[in-house]
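Side chains included, hydrogens not; waters and symmetry mates left out as well; all remaining heavy atoms used. Lettering of chains follows the sequences in order, A, B, ..., and the numbering in each one begins at 1.
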Number of protein chains: 2
Amino acid sequence: MKEDDALQAALRLAVDPPGGVSIGALRELARDDDATDWDIATTAAHLGVNPHTLRYYERIGLVRVARDAAGHRRYDAPAVRRLVFLIRMRTSGMPISDLRQYVDLVDAGQDTVSERLDMLLEHRDTLRSQVAHLQLALAATEYKIATYQEAPRP
Amino acid sequence: MKEDDALQAALRLAVDPPGGVSIGALRELARDDDATDWDIATTAAHLGVNPHTLRYYERIGLVRVARDAAGHRRYDAPAVRRLVFLIRMRTSGMPISDLRQYVDLVDAGQDTVSERLDMLLEHRDTLRSQVAHLQLALAATEYKIATYQEAPRP
DNA sequence: GCTTGTGTTTGAGCGCACTCACACCTCTAC
DNA sequence: GTAGAGGTGTGAGTGCGCTCAAACACAAGC
């Protein structure tokens, strides 16, 4: 029981991150601005990815992107929102094949909602065990750091 | 001082993962049994990796492993402990090149302790921001799950 | 009008971390 | 003594997710 409290405390502390994701960018993205209309370089910069990656994602069918008169990509708010979601899933470990499957389900309409939900539930479980694994590694690393710091030669 | 107690507690508790690594195996590994003397298949099974991976790690110089009369690898407790450390670092995102560097420092003796410490500190920061990132993704996923679950068509 | 900058498509290339194929070896059990 | 399971070293192959190269198009500024 007090074991449990200590765990909670340890986890809460381990979670508190100096140097995480750019909050400003997230806020700006969440603003859901209907005036959003970015070129590929701007979009890539805001999302923190390579422009090549955005073209690649379009090429493999993860997003459809509008073009201007010159044939250049224009990213509006819905496109950016989808990309934010996709990139978040990707960078948290979901493979591209699953993302393909997911967007195919979305495109297939409302009757695929339960399948999508299943995918999300599964990804949630994956995320949870990833977090647990990383926290174990973090604790082990901190332990080793402590042994190095307290005794010059352990 | 209470830092230290918390660390001990965190370590002990963080080792207890819901849906994570095999506890039995960890306990067995932690037993630091001087009688440990496994063949490659047993070792791989306990560590949850492919035997090929263990040969690969040896090939690239991450570990040195003793042989029996037939030339077959025998993994004793120190070898297993090093592998546990290496695999933990790897599966928490440290690239092989960094592991190479780290073991080279270890092999170079005591005067490299501060460099090793720096590497560990850096990896700790990486781990912390990884955890933060995953928790953000987890929150986003749970939010989406909630929207799917509470309203049939959001 | 020509350079510079930014974009386009498509196919090819890359880096990482394994993972496998192959040819050979060495026990054990029958 | 021979089959079969499990090992060995080494070079090659694989899968993933980008990332780049090449050849071309347009638009603005000097």
Side-chain angles (χ1 to χ4, degrees), chain A residues 37-76 79-80 82-103 123 126 130 133-134 137, chain B residues 37-76 79-80 82-104 123 126 130 133 137:
Chain A
D37 181 37
W38 292 334
D39 62 20
I40 194 169
T42 309
T43 311
H46 276 91
L47 300 184
V49 299
N50 193 314
H52 287 301
T53 303
L54 295 181
R55 296 197 192 94
Y56 169 66
Y57 281 9
E58 185 178 358
R59 188 155 35 151
I60 64 176
L62 287 184
V63 273
R64 269 182 288 280
V65 183
R67 306 301 160 107
D68 66 11
H72 292 190
R73 290 172 179 79
R74 305 303 315 188
Y75 292 86
D76 60 3
V80 172
R82 171 170 273 197
L83 281 170
V84 168
F85 172 73
L86 291 171
I87 290 167
R88 182 172 288 140
M89 293 298 109
R90 262 301 297 131
T91 58
S92 63
M94 185 179 277
I96 292 241
S97 55
D98 286 10
L99 290 177
R100 279 296 323 262
Q101 195 187 336
Y102 187 88
V103 303
H123 188 56
T126 306
Q130 272 190 90
H133 178 80
L134 285 185
Chain B
D37 180 36
W38 292 335
D39 62 20
I40 193 170
T42 309
T43 312
H46 277 90
L47 300 184
V49 300
N50 194 315
H52 287 301
T53 303
L54 294 181
R55 296 197 193 94
Y56 169 66
Y57 280 10
E58 185 177 358
R59 192 163 19 159
I60 64 176
L62 287 185
V63 275
R64 270 183 288 281
V65 183
R67 306 302 158 109
D68 65 12
H72 292 190
R73 289 171 179 80
R74 305 304 314 187
Y75 292 86
D76 61 3
V80 171
R82 173 170 271 199
L83 281 170
V84 168
F85 172 72
L86 291 172
I87 290 168
R88 182 171 287 141
M89 292 298 110
R90 261 301 297 129
T91 58
S92 64
M94 185 178 277
I96 292 242
S97 55
D98 286 10
L99 290 177
R100 280 294 324 261
Q101 195 187 335
Y102 187 87
V103 303
D104 285 352
H123 187 57
T126 306
Q130 270 190 91
H133 178 80

Please list, chain by chain and in numerical order, all residues satisfying salt bridge (charged side-chain N to carboxylate O under 4.0 Å, His left out) with B:Asp104, sequence neighbours excluded. B:Arg100
Holding to salt bridge (charged side-chain N to carboxylate O under 4.0 Å, His left out), I want the full list of residues that pass it with B:Arg55, two or more places apart in sequence or in another chain.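 Testing B:Arg55 for salt bridge (charged side-chain N to carboxylate O under 4.0 Å, His left out), a comparison that skips the adjacent residues, returns none.
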Once rounded to the nearest 0.5 Å, what's the spacing between atom CD1 of A:Ile87 and atom CZ of A:Arg82?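 Reported value, rounded in 0.5 Å steps: 12.5 Å.
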Rounded at 0.5 Å granularity, tell me how far CG in B:Asp37 sits from CG in B:Asp76.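 Result: 7.5 Å between the selected atoms.
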Atom-to-atom span, [atom1] of [X] to [atom2] of [N] - whole angstrom:
X	N	atom1	atom2	answer
A:Asn50	C:dC14	CG	P	17 Å
B:Arg90	C:dC16	CZ	C1'	8 Å
A:Arg67	C:dT6	CZ	P	19 Å

I'd like to check the side-chain contact (heavy atoms from CB on, under 4.5 Å) partners of B:Ala66; sequence neighbours left out, ordered by chain and number.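 B:Ala66 satisfies side-chain contact (heavy atoms from CB on, under 4.5 Å) with no residue once adjacent residues are dropped.
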A:Ala69: which residues meet the side-chain contact (heavy atoms from CB on, under 4.5 Å) condition with it, sequence neighbours left out? none
Go through residues 53-66 of chain B and report each residue with a non-hydrogen atom lying under 4.0 Å from DNA chain D, sorted by number.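 The answer is B:Arg55, B:Arg59.
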When you look at B:Leu99 and B:Met94, which way does the side-chain contact (heavy atoms from CB on, under 4.5 Å) test go after all the steps? CA-CA 7 Å; B:Leu99 290 177; B:Met94 185 178 277; 3.5 Å; yes
Determine the contact category for A:Pro95: base if any of its heavy atoms lies under 4.0 Å from a base atom, sugar-phosphate if only primed atoms, P, OP1 or OP2 are that close, otherwise nothing. sugar-phosphate
Listed by chain and number, what are the side-chain hydrogen bond (donor to acceptor under 3.5 Å, both in side chains) partners of [X], not counting sequence neighbours?
X	value
A:Asp98	none
A:Thr43	none
A:Ser92	A:His123

Are A:Val80 and A:His46 side-chain neighbours, meaning at least one heavy-atom pair lies under 4.5 Å? no
Side chains of B:Arg74 and B:Ile40: closer than 4.5 Å at any heavy-atom pair? no
Can you list, pair by pair, the side-chain donor-acceptor contacts under 3.5 Å of residues 56-65 of chain A, counting residues two or more places apart and other chains?
from    : atom 1 : to       : atom 2 : distance (Å)
A:Glu58 : OE1    : A:Arg67  : NH2    : 3.2
A:Glu58 : OE1    : A:Arg73  : NE     : 2.5
A:Glu58 : OE1    : A:Arg73  : NH2    : 3.4
A:Glu58 : OE2    : A:Arg67  : NH2    : 2.4
A:Arg64 : NH2    : A:Asp107 : OD2    : 3.3

Please write out the pairs of protein N or O atoms and N or O atoms of nucleotides 21-29 of chain C separated by less than 3.5 Å, giving the distance to one decimal.
none

Which two nucleotides bound the region of DNA chain D that has atoms under 4.0 Å from heavy atoms of chain B, read 5' to 3'?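 Listing 5' to 3', DNA chain D meets chain B from D:dG7 to D:dG11.
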Take the C1' atoms of the five end pairs on each side of the helix from C:dG1-D:dC30 to C:dC30-D:dG1, get both axes, and report the angle to 10 degrees.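 Here the local axes at opposite ends form an angle of 10°.
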